Amino acid sequence: MAPLVPKSGDAIFASIDRVNAELFTLTYGAMVRQLLTDLEEVDVVNKQLDQMGYNIGVRLIDEFLAKSNVSRCVDFKETADVIAKVGLKMFLGVTASVSNWDPEGSSFSLVLDDNPLVDFVELPDTFQGLHYCNILSGVIRGALEMVSMKTEITWIRDMLHGDDAYELRVKLLKQIPEEYPYKDDE
Amino acid sequence: MIASVAVVGHQNNPLYLQSFTNANDALKLHHIVHCSLDVIDERVNNPKRSVSTLNESYLGLLYPTESYKVYGYLSNTKAKFLVVTTDLDVKDADIRSFFRRFHAAYVDAVSNPFHVPEKKIVSRTFAQRVSGIVKAFAAGTNG
């Protein structure tokens, strides 16, 4: 098998069903807007977006593994590359770059230059604390948890707050070994 | 050169007004825009040709007065775009392309989920883009 990703994200992206990007962007925008109207507090909305992302992630990982045929990742570094090049390309249509590995190799930065979720969006001053793309951090967290990695994800840079790119910091907290749920001798 | 631009919603409520001359004639600008709205209504209700069912009607010169001319453009959501210019001769093609770019910037501003429809456009990017389009237009007609 090839050492890194056997099928690049582009090939899979081209072969699966796709949706109009503007429809996707506008739907996500409407959803965030409605959450803000219902919940009113920016922190609560951030948490809710993360929770929604988590629910998406735990289901998305199965589809990802089924469609992309990646082999088991040997270490966290390979996981990072697979997320950035294959996973994000397959589902969002953009690739990210992995950088800023810390010395132990347990956390990295995922940098997105282009993000289809935020086309046309400008945050008004009253919602400056909002992490508009928080759903992404939830998705990655949920997906990794289903493959036995407990992670913590934070936003470092956000273009809607004036930075030049989107940067997510992914930190591996621990690897949970698979537990057999049933006792053998009962 | 372009003195000002305005966007008016379908209920004739002003959505965006920007003047590019350095005089503080905001009131005069409001007045001009208001009068132009009457001209637009008149043109829309009595079409000169019976086949004027084009989408994105470019309305052309609405009325010339002593020192300026007003051009109008109507989108099919009845959003009206007005341009007040002090140029003596402006090519039709230039104004049309100006309106096309203006309309594109408007569409992007309105697609912002935080923009409330029929309220004023507060997007900074929109203001910057419009200034850019106006500058490009001025450069185009002078060069």
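Basis for what follows: all heavy atoms, side chains included, without hydrogens, waters or symmetry-related copies. Predicted, not measured: the structure shown is a model, and the values here were computed from it. Chain identifiers are assigned alphabetically (A, B, ...) following the order of the sequence lines, protein sequences preceding nucleic acid strands; residue numbering begins at 1 within each chain.
- When all heavy atoms of A:Ala30 and B:Pro113 are compared, the pair lying nearest together is N-CB, 4.4 Å.
- In the hydrophobic clustering of ILVMFWY residues, with side-chain heavy atoms under 4.5 Å counting as a link, A:Ile176 and A:Val74 come out apart.
- Side-chain contact between A:Phe120 and B:Ser123: absent, with no pair of heavy atoms (C-beta onward) separated by less than 4.5 Å.
- Using modelled atom types, no side-chain atom of A:Glu122 and backbone atom of B:Asn112 make a donor-acceptor pair closer than 3.5 Å.
- Other residues, nucleotides and ligands contribute more than 12 heavy atoms inside 6.0 Å of the NE2 atom of A:His161.
- Within a 6.0 Å sphere centred on CD of B:Glu118, heavy atoms belonging to other residues, nucleotides or ligands number more than 12.
- Heavy atoms of other residues, nucleotides or ligands lying less than 6.0 angstrom from NZ of A:Lys77 number more than 12.
- Between B:Phe114 and A:Thr126 there is no side-chain heavy-atom pair separated by less than 4.5 Å.
- Heavy atoms of A:Tyr28 lying under 4.5 Å from chain B are absent altogether.
- In the hydrophobic clustering of ILVMFWY residues, with side-chain heavy atoms under 4.5 Å counting as a link, A:Phe76 and A:Met146 come out together.
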